[in-house]
Amino acid sequence: MSLWSARVSAGLDPTVVEFLRADDAELLPYDCAATIEHATRLRTAGILSADELLEVETRLGPIANGAAICDAEDVHSAIERHLGEVGRKIHAGRSRNDQVAAALRLYVVDACAEARAGIGLLSALLLERAGVENATLMPGYTHLQRAQPVTLGHHLRAWAAMLERDHVRFEPPAGSPLGSGALAGTTLPIPPPPDRIPNSLDAVADRDFALDYLYAAALLFVHLSRIAEELVLWVTTEFGFARLPQSAATGSSMMPHKLNPDVAELVRGKAGTAIGRLTGLLATIKALPLAYDRDLQEDKPPVFGARKDVAGALGALTILLADLEFDREALAAAAADPSLLATDAAEALVAKGIPFRDAYEQIAESVRDGSFEPGTTAAESVAARLSK
Ligand code: ARG
């Protein structure tokens, strides 16, 4: 029996029931929390007795901690049914429309906090490792061609800088849609939440908070994929800048000698999925008339998927990066390539008063004919540029 079965005369076809079913079990604890909040206001309005409020709290409290309840069209229906007799009163002054918007917001608040915690751990680790590698020379790249010497510390701090911006981006949503009812409030004297979203139509229709979260997750994944791609390169025999740790490397099912960077590759692959979740929900919401439409049920799987992948990728990458072994000799040998000092040599001529383009041409010619002699070492070059 659905919540709305009194409205329809014949039974729904099981195929339709199945099609309408929401994949929203993850929302359960948040929906319980929103329901308890609503029940508290129903008590203030005199619609629930003190005993009935207690009944709601006792029945939903343990569920809020994760137990599964029952099979229904969605978690909202499951909760109402689970509440038994008091469940027949709980839906006064609310709709699944404000309820689902409220529950999903609470979910995203937790997901943002979780993402920030994971990002915080990874960036702290990167800064810690960077501190140890302040004097480790390596080539810096543009176009994936050796460009100028940098330090590994500088490179690791660039990774951390991307993550620091991500940390800011996972801003938890504020405001409660409760009190907005199906779309236009209620006649009942139920006190609104203090942080009620002012416009009831907007409150049930708005999913910007889910899109903001998916954007933050997509961009985090884009950053993680850049880190992952560099790791994949660095652990190749060709680069040889680092060795994969046993804690985060995989073997081949056939080739006994292989040690593969599957963690970094899967992070890189999941970046595509993360972008897809954002574009998918944007497409769902585009041109959707206000206020609520069932299309919005599609907002949950991408948000749930993003939360799982953000936690998984940050966790696995943190382990890989904590245990990764850098080959300082290989890094230094690559940084000792004299042509990396060509720019410094041109700048040394500029310091003597030669126009930059003339200096550039003079050095370029010496590089071309093989007569280029750097006037400094990679370490001196780094000290002159990066200590500023
Ligand atoms: N399961 C629905 C969702 O996720 C809940 C809201 C249903 N509201 C409705 N008017 N049919 O969006």
Side-chain angles (χ1 to χ4, degrees), residues 3-4 7 22 24 26-27 29-48 73-77 79-80 89-113 168-218 277-304 306-307:
L3 297 182
W4 41 268
R7 173 64 184 83
D24 61 356
E26 252 186 78
L27 213 54
Y30 303 93
D31 213 83
C32 288
T35 300
I36 291 172
E37 202 185 313
H38 177 66
T40 317
R41 290 197 197 98
L42 288 182
R43 171 71 200 116
T44 311
I47 296 168
L48 288 190
E73 185 180 340
D74 50 31
V75 283
H76 326 297
S77 316
I79 286 173
E80 184 168 322
K89 291 189 170 184
I90 196 74
H91 219 51
R94 82 165 177 184
S95 153
R96 285 185 292 167
N97 301 352
D98 56 348
Q99 188 180 352
V100 73
L104 191 61
R105 278 174 177 270
L106 295 176
Y107 183 94
V108 171
V109 166
D110 267 12
C112 285
V168 174
R169 225 169 265 120
F170 279 100
E171 171 83 26
S176 172
L178 291 179
S180 299
L183 76 163
T186 171
T187 56
L188 296 169
I190 304 168
D195 55 346
R196 176 187 185 165
I197 295 170
N199 186 293
S200 64
L201 298 172
D202 181 47
V204 299
D206 172 33
R207 292 295 182 276
D208 292 5
F209 65 94
L211 291 169
D212 287 341
Y213 173 72
L214 293 178
Y215 173 64
R277 291 190 184 104
L278 171 64
T279 55
L281 188 59
L282 281 168
T284 298
I285 293 173
K286 175 195 172 289
L288 204 60
L290 268 51
Y292 176 87
D293 306 271
R294 191 62 174 261
D295 314 44
L296 290 174
Q297 182 162 292
E298 288 296 288
D299 60 2
K300 282 166 284 298
V303 171
F304 298 162
R307 184 177 182 177

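Between the side chains of D98 and S95, no donor N or O sits under 3.5 Å from an acceptor N or O.
R307 meets the side chain to side chain donor-acceptor pair (under 3.5 Å) test with Y30, E114; sequence neighbours excluded. Under the rule for a ring pair (Phe, Tyr, Trp, His ring centres under 6.0 Å), the partners of F170 that lie at least two apart in sequence or sit in another chain are Y213. Among residues two or more places apart in sequence or in another chain, the side chain to side chain donor-acceptor pair (under 3.5 Å) test is passed with Q297 by R294. Residues passing the ring pair (Phe, Tyr, Trp, His ring centres under 6.0 Å) test with F209: none are found, sequence neighbours excluded. Residues forming a salt bridge (Lys or Arg N to Asp or Glu O under 4.0 Å) with E171 (at least two apart in sequence, or on another chain): R116. Evaluation of the side chain to side chain donor-acceptor pair (under 3.5 Å) rule for D24 yields no partner, not counting sequence neighbours. Partners of E37 under the side chain to side chain donor-acceptor pair (under 3.5 Å) rule, at least two apart in sequence or in another chain, are R41. Under the side chain to side chain contact (heavy atoms under 4.5 Å, CB included) criterion, E26 pairs with Y107, F304, sequence neighbours left out. Evaluation of the side chain to side chain contact (heavy atoms under 4.5 Å, CB included) rule for A92 yields L42, I47, L188 as partners, not counting sequence neighbours. With sequence neighbours left out, L288 forms a side chain to side chain contact (heavy atoms under 4.5 Å, CB included) with D293, D295, L296. Qualifying side chain to side chain contact (heavy atoms under 4.5 Å, CB included) partners for A39, counting only residues two or more places apart in sequence or in other chains: L48, L53, V56, I90.
Screening residues 181-206 for side chain to side chain donor-acceptor pair (under 3.5 Å) gives R105-D206 as the qualifying pairs, with residues at least two apart or on separate chains.
Considering only heavy atoms from C-beta on, L211 comes within 4.5 Å of L278 through its side chain.
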